[in-house]
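By convention in this document, chain letters (A, B, ...) are assigned in the order of the sequence lines, proteins followed by strands, and residues within each chain are numbered from 1. From a predicted model like this one, the values you see are computed outputs, not experimental measurements.
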Amino acid sequence: MASGGNGGGGRVIRVLNVAEKPSVAKAVSGILSRNQGGGMRVRDGRSRYNKIFEFNYTIRNQPCQMLFTSVTGHLMELEFDDRFRKWHSCDPLHLYDAPVRKYVPQDKLDIKRTLEEEARGCQWIILWLDCDREGENIAFEVLEVCRQANHNLNVWRARFSALIDREIHQSVQTLVQPNQLFSDAVDVRQEIDLRIGASFTRFQTMLLRDAFVLDFATDDRNLVLSYGPCQFPTLGFVVERYWEIQAHEPEEFWTINCTHNFDEGSATFNWMRGHLFDYTCAVTIYEMCIQEPTATVSKVKQQEKLKYPPHPLSTIELEKRASRYFRMSSEQTMKVAEDLYQNGFISYPRTETDCFSEKTDLRRVYELVVRHFLACVSKPAVGAETTVEIDIAGESFFACGRVILAKNYLDVYRFESWGGSVIPTYTFGQQFIPRSLTLDSGVTRPPPLLSEADLLGCMDKAGIGTDATMHDHIKKLLDRFYAIKDSSTRFSPTKLGEALVMGYDDMGYELWKPYLRAMMECDMKAVSMGTKRKTEVLETCLQQMKACFLDARANKGKLFEAMAIFFERSNRSSGGEQQVVGDVVRRCGLCLESDMVLRQKPDGNFMVGCLGYPQCRNVVWLPGSLSEASVTENTCTSCGPGLVYKIQFRFRRLEIPPNYSAQHIGCIGGCDDILRQLVGICGTGSRSSSNTFGRGRGNPTASSSAQRGNSRAQGSCAYCRQTGHLSNDCPSQASRSCTARSQEVDLQNGLENLQSLVIHVERLAICALPILPATGEESSFHVNHGSAIFSFGKIPSVEVSAQILLRPLAAEEVVVAKVLQIPVVCHLCQQQVNQ
DNA sequence: GCAAGGTC
């Protein structure tokens with residue numbers, strides 16, 4: 001370490017030390033002051049929680065007078081400028097550009113004053129914040145406050161991972177500089193979370209709250225329908241499982257069971273085949289067994305089995321187990337853990353625990369923590385397990401028996417058990433006649449609703465929230481009336497929660513899935529590693545989310561439709577008008593039976609839909625920026641079959657780019673470039689699976705709200721959304737890949753038809769950037785493919801709008817990427833995957 | 001009245 005500019009020689013310098021929480025300030029001061037002359041003194045700061053410890057210490061031969069205080073987590077918060085704070089102060093869209101500022105909230109002002117006062121009298125500052133990204137960000141918050149009070153501070157960062165003597169002494173002798181990149185990554189997260197959260201929350205609250213009778217809320221005028229990048233995916237997990245259960249169709253299966261009794265006892269033998277769904281097949285085998293029922297022992301295996309104690313308790317594991325064993329909510333568990341920590345019984349509950357108090361306490365969480373610790377350091381339980389296999393008429397059956405030899409850790413860990421079962425002794429080749437041989441039937445059952453432990457597991461796996469915040473997100477679902485928890489701590493969505501997820505799902509968005517958060521996490525990592533710049537990530541992400549927001553707003557009809565399934569319309573809003581039957585635009589090319597007419601939806605968006613609805617769901621959605629539309633008497637000379645009447649459009653000036661005219665006479669038959677471009681820029685009134693401008697493939701009913709229930713389950717096919725098979729086995733896959741192949745050939749043969757390709761990509765995308773990159777311009781965007789993130793590199797020499805996909809890449813998209821010669825590179829292995 | 005992240 002360089003010698004401090006204000007230090008030098010033997011003169012004692014004053015060093016301000018700041019920890020993230022009072023307990024760390026106290027613990028580190030205790031370690032550093034031990035065996036130092038003068039001992040340790042404590043005095044109050046302006047905040048009653050954050051004391052100041054004083055002692056002498058020598059850093060690299062420099063005698064120091066150490067002042068050690070703390071903050072309590074983040075010192076600052078990010079907020080919009082005052083003029084954007086009120087909900088009706090601006091269009092929520094502006095929250096993507098509105099100025100934001102960091103400020104010290106009222107309840108942290110006393111800590112700020114302490115820091116300012118103490119910093120004035122010091123030459124050095126050592127930042128002892130936790131060594132993670134949030135800690136680094138807090139370090140810069142502390143620094144900002146202290147530097148304003150004293151410009152000449154010499155700044156150092158202590159890196160430590162445990163509050164043990166050796167590590168603390170070593171870290172203070174090898175001080176480093178704070179890491180700006182780590183802090184930048186947190187700045188990015190904060191700003192994105194704030195802008196997305198506030199814009200979508202205001203949007204959906206103001207859109208839906210007054211439009212429907214939300215009977216569950218006592219005061220629905222003050223209800224907030226919040227959206228957040230963590231709370232919504234958490235809700236998504238709950239809804240997805242709920243839909244999976246709804247979609248489950250019980251299926252009868254058949255199994256053969258065999259029992260054997262003799263002097264030593266009895267045994268139940270299970271059929272090696274498990275069960276069969278084919279009754280005829282099961283009956284045939286059963287009859288074979290009945291005719292030759294003599295059982296011959298074909299295998300006897302004896303082995304020692306160990307049951308291992310649990311791993312040390314992490315915060316999430318503590319929450320899961322308390323929920324499983326005691327049915328305590330994760331929020332309640334964290335409250336108790338916090339209390340135990342405050343009273344000195346357990347170590348800090350929000351980070352991994354590596355020390356345990358010897359004191360005892362009757363509180364259940366404490367008992368769990370202690371017993372868990374004791375189990376961790378105990379020996380595994382030991383059992384002797386016997387497996388016997390028998391043969392009856394060529395069919396195999398097996399039975400297992402277990403004797404517990406030593407309970408070991410199970411003695412102390414009373415929350416777990418290991419059942420034993422005794423079976424008689426069998427020898428190889430032994431024969432016997434079973435006591436019973438039965439053909440039994442059963443039905444498949446759906447998975448259970450998600451338990452709190454399941455939900456925590458899903459969040460943990462998907463990286464939603466941190467160990468300190470997961471329980472908050474779960475509680476938020478309950479507080480917002482998005483989900484309920486039943487008496488067995490299992491979660492199901494409320495009508496509101498289901499409607500919101502359904503609405504976004506019908507738009508084709510996966511805003512309720514964890515991919516967005518995963519992508520943000522990926523970007524944050526890139527910022528903290530220095531491979532991407534903070535401004536670049538912020539700009540890209542917010543631009544994409546703004547486009548997504550615009551698109552969601554243009555498709556708000558889908559949210560309306562989903563809400564209307566569950567709730568009565570309210571007379572408080574003006575959105576309840578009936579749809580008017582409009583003028584005929586053309587004959588429907590899908591059902592060939594009805595006319596397509598121009599209509600304005602209750603939410604204001606325009607569409608050209610088939611009068612054969614609901615039997616025929618052919619629809620063409622028009623740009624979201626339309627204020628008026630009327631069918632003219634002019635017909636298009638290039639589109640067909642049959643007459644296609646042109647439409648007079650009037651667009652909202654502020655919602656279209658300046659180089660487009662607000663008045664336009666256009667055609668929906670597919671020839672109109674201007675209309676197509678405006679759809680690309682402004683989005684449409686819907687993103688239903690029906691095609692835009694009547695092109696491309698479309699399963700006209702795939703995402704219809706009316707089909708809900710059976711089509712959304714996790715177990716349903718990702719391609720056709722039908723149940724009964726997964727995407728791997730999709731019967732439509734064969735024809736689908738043929739389509740993809742022929743399309744590939746078509747496209748390769750005639751890349752002049754690029755417009756349809758652009759539309760094709762758009763239709764599949766979750767949200768489209770409104771800005772078209774210039775031809776050949778370098779750009780990049782990400783694609784989440786299963787668990788891997790792909791990035792599209794150079795935009796090829798065609799005009800195609802950049803996309804951001806928040807879901808796995810479909811086969812057709814891979815073809816599109818291939819045809820466009822877009823390299824798809826795996827972020828994880830850096831290999832090109834579509835060569 | 002919005003987010004998520006610290007911690008009291």
* **d(CD, A/Q190; P, B/dC2) in whole Å** => 18 Å

* How about A/K102: does its NZ atom have over 12 heavy atoms from other parts shown lying under 6.0 Å from it? -> yes

* Please answer whether B/dA3 and A/Y227 are stacked, defined here as ring centres separated by less than 5.5 Å and planes angled under 30°. => no

* **Along DNA chain B (nearest heavy atom to each residue), the more 5'-positioned of A/D472 and A/F84** => A/F84

* **Distance below 4.0 Å between A/T469 side-chain N/O and B/dA4 OP1 or OP2** => no

* Asked: Taking atom CZ of A/R48 as the centre, does the number of heavy atoms from other residues, nucleotides or ligands within less than 6.0 Å exceed 12?
  -> no

* Asked: In whole angstrom, what separates A/L194's CG from B/dC2's P?
  -> 12 Å

* Give a yes/no answer on whether the side chain of A/H473 brings an N or O atom under 4.0 Å of OP1 or OP2 in B/dG5. => yes

* Structure fact -> Between CG of A/N50 and P of B/dC8 the distance, given in whole Å, is 8 Å

* To do: Looking at every strand, decide which applies to A/E79 at a 4.0 Å heavy-atom threshold: base, sugar-phosphate, or nothing.
  => base

* Asked: Is a side-chain donor-acceptor pair under 3.5 Å present for A/S226 with A/Q231?
  -> yes

* Looking for any heavy atom pair under 4.0 Å, which part of the strands does A/L75 touch: base, sugar-phosphate only, or nothing? -> nothing

* Could you check which of B/dT7, B/dA4, B/dC2 has an atom nearest any side-chain atom of A/V224? => B/dC2

* Kindly say if A/T466 contacts the phosphate of B/dG6, meaning a side-chain N or O under 4.0 Å from OP1 or OP2. => yes

* Asked: Which part of the nucleic acid does A/G465 contact within heavy-atom distance under 4.0 Å: base, sugar-phosphate only, or nothing?
  -> sugar-phosphate

* So what does A/T201 touch, heavy atoms closer than 4.0 Å: a base, only the sugar-phosphate, or nothing? -> sugar-phosphate

* Pairwise side-chain contact, A/D91 with A/R553, heavy-atom cut-off 4.5 Å (strictly under) -> yes

* Asked: Would one find a side-chain N or O of A/R209 under 4.0 angstrom from OP1 or OP2 of B/dG1?
  -> no

* Asked: Could you state the CD1-C1' distance from A/I138 to B/dC8, rounded to the nearest angstrom?
  -> 13 Å

* Structure fact -> Among B/dA3, B/dC8, B/dG1, the one nearest any side-chain atom of A/K476 is B/dA3

* **Nearest-angstrom distance from the residue atom CG of A/L95 to C1' of B/dA4** => 16 Å

* Base, sugar-phosphate alone, or nothing: which one does A/R189 contact when heavy atoms must sit under 4.0 Å apart? -> base

* Asked: Given B/dG6, is OP1 or OP2 found less than 4.0 Å from the side-chain N or O atoms of A/K108?
  -> no

* Is the gap between the ring centers of A/F68 and A/F53 under 6.0 Å? -> no

* To do: Round to the nearest Å and state the distance from A/I196 atom CD1 to B/dC2 atom C1'.
  => 13 Å

* Which part of the nucleic acid, if any, lies within reach of A/T205 when heavy atoms closer than 4.0 Å are counted: base, sugar-phosphate only, or nothing? -> base

* Structure fact -> Sorted by chain and residue number, the side-chain hydrogen bond (donor to acceptor under 3.5 Å, both in side chains) partners of A/D460 (sequence neighbours excluded) come out as none

* Minimum-distance nucleotide to A/P22 side chain [options: B/dA4, B/dT7, B/dG1] -> B/dT7

* Asked: Closer than 4.0 Å, any side-chain N/O of A/R195 to the OP1 or OP2 of B/dA4?
  -> no

* Could you tell me which residues satisfy side chain to side chain contact (heavy atoms under 4.5 Å, CB included) with A/S323, sequence neighbours excluded, listed by chain and number? => A/E452, A/T489

* Among B/dA3, B/dC2, B/dT7, find the nucleotide with the atom closest to the side chain of A/R202. => B/dC2

* Asked: Under 4.0 Å between a side-chain N or O of A/R133 and OP1 or OP2 of B/dA4?
  -> no

* Under 4.0 angstrom between A/S226 side-chain N/O and B/dA3 OP1 or OP2 -> yes

* Gap between atoms CG and C1', on A/D467 and B/dT7 respectively (whole Å) -> 13 Å

* Base B/dC2 paired with A/Q204 side chain (donor-acceptor, <3.5 Å) -> no

* **Between P of B/dG1 and NE2 of A/H88, the distance in whole Å** => 13 Å

